[in-house]
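The figures here come from the full heavy-atom set of this structure, side chains too, leaving out hydrogens, waters and symmetry mates. All values reported here derive from a predicted model rather than from experimental measurement. Below, chains carry the letters A, B, ... as their sequence lines are ordered, and counting in each starts from 1.
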2 protein chains.
Amino acid sequence: MQSNDLRKAGLKATLPRLKILEVLQHNRADHLSAEGVYRRLIDSNEDIGLATIYRVLSQFEDAGLVIRHHFEDGHALFELDQGPHDHLICMKCGHIEEFFDDEIQERQKSLAEKSGFDLSKHTLVLYGDCQTANCENNMPDHTTGKTTNK
Amino acid sequence: MQSNDLRKAGLKATLPRLKILEVLQHNRADHLSAEGVYRRLIDSNEDIGLATIYRVLSQFEDAGLVIRHHFEDGHALFELDQGPHDHLICMKCGHIEEFFDDEIQERQKSLAEKSGFDLSKHTLVLYGDCQTANCENNMPDHTTGKTTNK
DNA sequence: CTTCTTGCAAATCATTTGCAGGGCG
DNA sequence: CGCCCTGCAAATGATTTGCAAGAAG
């Protein structure tokens with residue numbers, strides 16, 4: 001029961017919050033926009049206002065449950081926080097893949113140190129062409145959050 | 001005479017474009033928002049509309065003269081394209097520093113390859129605290145583009 | 001001259017906020 | 001039952017676009 005996750009975060013376990021959390025969990029592999037979450041809820045016949053989605057996602061972000069990204073297209077995408085990792089994004093189909101590399105991690109740390117920075121977080125995104133057969137070469141509607149593919 | 005840079009890019013050498021290019025060059029070390037460029041022009045008694053700034057910056061981007069970034073705060077910052085490099089950003093004062101690291105570069109290439117991606121570009125940003133004496137601990141007005149410091 | 005540009009105001013888009021009614025603890 | 005939460009509509013802020021008047025080649 002994920003009501004606990006919410007309580008732990010100091011949030012009442014309300015229906016909208018549970019539903020939104022559910023959507024995020026069912027789409028662990030994806031990175032959804034607020035609209036994307038909205039769409040999926042509508043499709044599931046859940047009647048939740050878009051404003052609420054934004055509010056809840058921000059609360060989740062503050063609670064550390066979710067991470068908000070601003071990739072190159074400017075608008076925000078959300079994903080459950082599942083530990084540190086970086087992203088590979090296909091510029092043709094929008095497919096997003098995750099990866100983690102110790103060596104790069106290390107290097108970042110020492111580079112920040114060299115500049116006297118106390119590093120708190122980072123963002124590394126590799127953009128390219130995923131070259132897969134089913135790369136549909138059509139970027140998903142930014143509003144849809146339909147970022148799955150491949 | 002930078003009129004040439006413009007002509008080469010297929011753009012007429014108009015006053016607004018020259019002035020904007022000038023601002024970008026005088027602030028090579030910085031990363032300005034459209035508003036930031038606007039402010040500086042106003043301060044120089046140049047009467048150029050904000051819409052024009054946006055239009056020109058986009059044209060410059062298309063022409064490859066300028067790079068548009070979307071750091072974590074969501075709104076766009078521009079800088080002259082001076083070859084590949086990554087960024088270190090102080091979350092307290094907004095200071096932005098640039099760096100370049102071959103090892104990370106290499107690693108990125110091989111990671112993309114491993115995933116079958118044809119890499120075309122990347123973004124690496126390290127966020128932290130610059131810890132300098134003059135870190136004013138006050139983020140610059142996002143609209144100002146006053147990103148210099150330290 | 002003809003076409004590319006600009007300035008201004010109006011239009012969009014994503015996201016945020018105010019407020020009155022509802023629901024969790 | 002009180003305070004936190006939601007929905008809706010209106011407010012915002014950044015960026016874009018339409019259009020008529022102006023310059024560049």
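- Note: CD1 (I53(A)) to P (dC5(D)) measures 16 Å, nearest angstrom.
- Of the candidates dT15(C), dT6(D), dT15(D), dT15(D) carries the atom nearest the A76(B) side chain, counting heavy atoms from C-beta on.
- Atom OH in Y38(B) sits roughly 16 Å away from atom P in dG13(D) (whole-Å rounding).
- Atom CG in D73(A) sits about 11 Å away from atom P in dA14(C), given to the nearest Å.
- Considering only the side chain of A51(A), dT17(C) comes nearest among dG7(D), dT17(C), dT16(D).
- Using a 4.0 Å cut-off, no side-chain N or O of R55(A) falls inside it from OP1 or OP2 of dT16(C).
- Between dT6(C) and T14(B), a contact under 4.0 Å exists linking OP1 or OP2 to a side-chain N or O.
- The two residues K12(A) and R17(A) have their closest heavy-atom pair at O-NE, 3.1 Å.
- Between Y54(A) and dT16(C), a side-chain N or O to OP1/OP2 separation shorter than 4.0 Å is absent.
- If you measure from atom CD of E35(A) to atom P of dC13(C), you get 11 Å, rounded to the nearest angstrom.
- Nearest nucleotide to the K12(B) side chain, out of dT15(D), dC5(D), dA24(D): dA24(D).
- When each of dT5(C), dT17(D), dG25(D) is scored by its nearest atom to the side-chain atoms of A13(B), the top-ranked nucleotide is dG25(D).
- Atom CZ of R68(A) is separated from atom P of dT15(C) by 8 Å (rounded to the nearest Å).
- Closest-nucleotide positions on DNA chain D for L15(A) and L15(B) were compared, and the one nearer the 5' end corresponds to L15(A).
- For the OP1/OP2 pair of dC24(C) and a distance below 4.0 Å, the side-chain nitrogens and oxygens of R17(A) include no atom meeting the criterion.
- Between E103(B) and R107(B), no side-chain nitrogen of the basic residue sits less than 4.0 Å from a carboxylate oxygen of the acidic one, so the salt-bridge criterion is not met.
- Remark: of the listed residues F71(B), Y127(B), F99(B), F71(B) is the sole one forming a ring pair (Phe, Tyr, Trp, His ring centres under 6.0 Å) with H87(B).
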